[in-house]
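Structure record follows, encoded as structure tokens.
Here is the naming used below: chain letters follow the sequence lines, and residue numbers restart at 1 for every chain. Predicted model only: the values in this text are computed from it and were never measured.
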Amino acid sequence: MKLVIAEKNIAAQKIAQLLSDAGKPKNDKVYNTAVYRFTVDGEEWVSMGLAGHILAPDFPDEILFDEKQGWYSLTEDGEVLPADVPDGLARPPYESKRRPFLPNGINIKGWKVESLPYLTWSPIIKNPAEREIIRVLKNLAKKSDSVIIATDFDREGELIGADALSMVREVAPDVPASRARYSALIKAEVTAAFDNLVELDENLADAGESRQYIDLIWGAVLTRYLTLAKFGGFGNVRSAGRVQTPTLALVVERERERRAFVPEDYWQIRGMGATADSEFKISHKTPRFTDKAAAEDAFSHVEHATTGTIVEVSKRSRKQQPPVPFNTTSLQAAAAAEGISPARTMRIAESLYMSGFISYPRVDNTVYPRSLDLEGIVKGLSSGSPALAPVCKKVLAGPMKPTRGKTETTDHPPIHPTGQGDPETLDGGQKKLYNLIARRFLATLMGPATIENTKLSIDVAGEPFTATGDVLVDPGFREAYPYGLKRDEQLPALAQGDVIDVHDIKLEAKQTEPPARYSQGKLVQEMEKRGLGTKSTRASIIERLYTVRYLKNDPIEPSQLGMAIIDALHEFAPRITTPEMTAELDADMTRVAEGKDTQEHVVDHSRALLAGMLDALIEHKDDLGEAISDAVTADAKVGECPKCGKDLVMKTSAKTRGSFIGCMGWPDCDVTYPVPSGVKVSPLEGEAGVCPECGAPRIKCQPFRSKAYEQCVNPKCPTNFEPDLKVGECKVCAEAGRHGDLIAHKSEKSGKRFIRCTNYEECQVSYPLPARGKLQATGETCPECGAPIVVVETARGPWRICVNMECPSKEKKTTSRGRGAAGSKTSAAKKTTAKKTTAKKTAAKKTTTKKTTAKKSAE
DNA sequence: GCAAGGTC
């Protein structure tokens, strides 16, 4: 039997399909792992997929260092054994200007600043990371008479293959092994690769392993150092790494630019133009006046103007080209613009890929291979998604010339829908991403959009004004792909000499804006541009920076802690803070791969560079600890104590582990505030962070998967609730000839807010209220149902509602205002909706599972 | 308790 070892399951499956003599390969399982059995020229073959790297590098357990005997380990009875370490590490571990100050017997497993120099020079072992896969691999290897490594054709692939082979060698030391190198999972490539088997490239694998070692050594040493400089308790690791630290530095650098930015004043003159049946924006031909006097002079001419004359009408049409196919980075950027973070995009994409909706999601390629059945996919989409059917029909009728991106690789096709599966079974996030991918795919097969731009030149009291409007005259690809499309701005049909009304002309003082913060999508693109990380790692690295609290918010801001970390590393270990470390590492690895340098030399050189920085780092440990401590306190600050003026900070209760806000003046000052549970809370900065009503801090609350809101932390503050506010009079009571007032209440127990009539016993009139937002009475009643109208101050501004949830006006609002009105549903109505959604989801899940199972057994 | 790289 021949054993084919691929990097991942899909590759193992594809290879089996492409090499199999006749008919489909047989799906089989060895201990729950999928393997594929087939025959080649009558010979029995089996292929299996790994799960990427199956071994993980780590520092050995229980290895110690002694000045005289070097590295050693202790047996269980305490016997000293020389450790099996590579020659290069037999040297004194730490070439410091000082003599090593440590006692003998340093254990590198303990997190101690004193052991960091030894960690820098520690040997590295590789531990099994995928025990199940290794078990299957060994099981099959024992039964095989030859083994073919068919992992991806790149540096990491070669390393993954070499690691797999080392596991095979443990059970089959003499089995012949060879390597198949294919760069695309298509018949011609794969058969050619298996017809021309080569040897595993040990140098290339060594290069990959050097990368692993250097990343681990630098990452572990600096992470331990930062964590220990000011230990913040377990769960408060301050990490550093070759990719994450330069990425953080990008964000910090942008923030510094913003802070150093000096805004410049400018002035704008803008107003409204109107014809009998339409209104449009007009602005002075000089878009920005930098001279205040000139702006005021121009404004004085038009301030009281009521009419303007059209001087010229010009029309220009421009074409917008359809987008190029998605690779990982462009998908992440497009999804980020739709509010899905890169990390979440990858989690959802993985699930869509695993259930057969989309192609493999980790790709650099942006050119569809010739072998891809574009027409078949469009047909599949057409029958699977009713919403896409009309546009699919158009695509099928057209010439279907796909666009091409700049990056052409042959490993996988660009990310595209498979045309399989029923999109109705997907959940919210999946559906959103699937639609983006499906619509992008269709757009790449369509023609350009044509936008007609109309420009009006208008004379207003001798001053030149303009108005512009963009109208999509031929949607082209936009019919499939509306993402990021600006709304039409239609100007009325006007001709030279026509006179229009003008009004509301204003002189506005403005200031230039600092450079924008990175969005998560932009940061992923910037990382790619600078060679930081790979398509598979960038999203998770950004996410990591959020979990260690170096970053916050979106657009991305660095925390004080993040800035302190960059400052410290910039001063004492600058190499880790720039993309150059990655560039130099790449150059080193190329030399190792070419056989011009060795793993030992390259890794030792890197160890020496790190060791050279340790002296200064250790010397300044306490300074850094203080800086981190100050930064953490500053990050926790939510405001100033209204009672004693000291800082109010987020604290964690030792007893309940819940969060609360407390005064730094404790125990002298006892001011505390509760913090809503189940939401992510962050302080608001500047004026927004202080409640104008009561002086307590205002905070931003981010509930899981719903809109963030802001509120004052003081539960007794009038901004949280106006108790016993009269919002109107009871209509039912009035009809019955008595008087009843409608009063707003808040339940002490549940915290729910509602309106109830003072004669509730008799009329039973009560209305629910939204859970948050300051309430104002208007004195008005709803024209549709006669219930009172109130204003609720929400995060998105004031919101007028009729308190009667059964009011007929609600239906209209739901359609016209979308989310805003949806929030006005009664809790009962909400419950029904929630139930429906859950039921739908459960049904959807069941269907998906059924389908997948059905599909699997069919294969 | 550390990184970054694969992929589940």
Does anything in residues 560-581 of chain A form a ring pair (Phe, Tyr, Trp, His ring centres under 6.0 Å)? List the pairs, not counting sequence neighbours. A:Phe572-A:His620
Under 4.0 Å, heavy atoms only, any strand: does A:Arg224 hit a base, just the sugar-phosphate, or nothing? base
Need one value for A:Asp152: base, sugar-phosphate or nothing, where a base atom within 4.0 Å counts as base even if backbone is also close, heavy atoms only. sugar-phosphate
Can you pull out every salt bridge (Lys or Arg N to Asp or Glu O under 4.0 Å) where at least one residue sits in residues 229-249 of chain A? Sequence neighbours excluded, please. A:Asp215-A:Arg242
What residues, two or more places apart in sequence or in another chain, satisfy ring-ring contact (aromatic ring centres under 6.0 Å, His included) together with A:His53? none
Sugar-phosphate, base or nothing in reach of A:Gly157, heavy atoms under 4.0 Å: nothing
So what does A:Tyr225 hit on the nucleic acid, given a heavy-atom distance under 4.0 Å: a base, only sugar-phosphate, or nothing? nothing
Among residues 212-222 of chain A, which ones have heavy-atom contacts with DNA chain B below 4.0 Å? A:Gln212, A:Asp215, A:Leu216, A:Gly219, A:Ala220
At a heavy-atom distance below 4.0 Å, what parts of residues 571-583 of chain A sit against DNA chain B? none
For the pair A:Tyr225 (side chain) and A:Leu617 (backbone), establish whether a donor and an acceptor sit closer than 3.5 Å, ignoring hydrogens and angles. yes
Only counting residues at least two apart or in another chain, list the ones meeting side-chain contact (heavy atoms from CB on, under 4.5 Å) with A:Ala83. A:Ile63, A:Trp71, A:Val85
The criterion is side chain to side chain donor-acceptor pair (under 3.5 Å); which residues satisfy it with A:Gln599, sequence neighbours excluded? A:Glu209
May I ask you to say what A:Ser536 touches in the nucleic acid, namely base, sugar-phosphate or nothing, with a heavy-atom cut-off under 4.0 Å? base
Contacts of A:Lys112 meeting side-chain contact (heavy atoms from CB on, under 4.5 Å) (sequence neighbours excluded), chain-then-number -> A:Glu114, A:Ser115
May I ask you to say what A:Thr534 touches in the nucleic acid, namely base, sugar-phosphate or nothing, with a heavy-atom cut-off under 4.0 Å? sugar-phosphate
With a 4.0 Å cut-off on heavy atoms, is A:Glu350 in touch with a base, just the backbone sugar-phosphate, or nothing at all? sugar-phosphate
Under a criterion of less than 4.0 angstrom to any heavy atom of chain A, what are the 5'-terminal and 3'-terminal contacting nucleotides of DNA chain B? B:dG1 to B:dC8
Determine the interplanar angle of the A:Phe231 and A:Phe234 rings, folded into 0 to 90°, and report it as parallel if under 30°, tilted if 30 to 60°, perpendicular if over 60°. perpendicular
The answer to which of A:Val237 and A:Tyr360 contacts DNA chain B further toward the 5' end, by nearest nucleotide, is A:Val237
Would you kindly compare A:Phe59 and A:His53 by the position of their nearest DNA chain B nucleotide and give the one closer to the 5′ end? A:Phe59
Among residues at least two apart in sequence or on other chains, which ones pass salt bridge (charged side-chain N to carboxylate O under 4.0 Å, His left out) with A:Asp206? none
Give A:Ser540 one of three labels, base, sugar-phosphate or nothing, depending on what nucleic acid heavy atoms sit under 4.0 Å from its own. nothing
With A:Glu132 via side-chain contact (heavy atoms from CB on, under 4.5 Å) - residues at least two apart: A:Tyr31, A:Arg135
May I ask you to say what A:Arg362 touches in the nucleic acid, namely base, sugar-phosphate or nothing, with a heavy-atom cut-off under 4.0 Å? base
Output all residues satisfying ring-ring contact (aromatic ring centres under 6.0 Å, His included) with A:Tyr434, sequence neighbours left out; order by chain, then residue number. A:Phe357
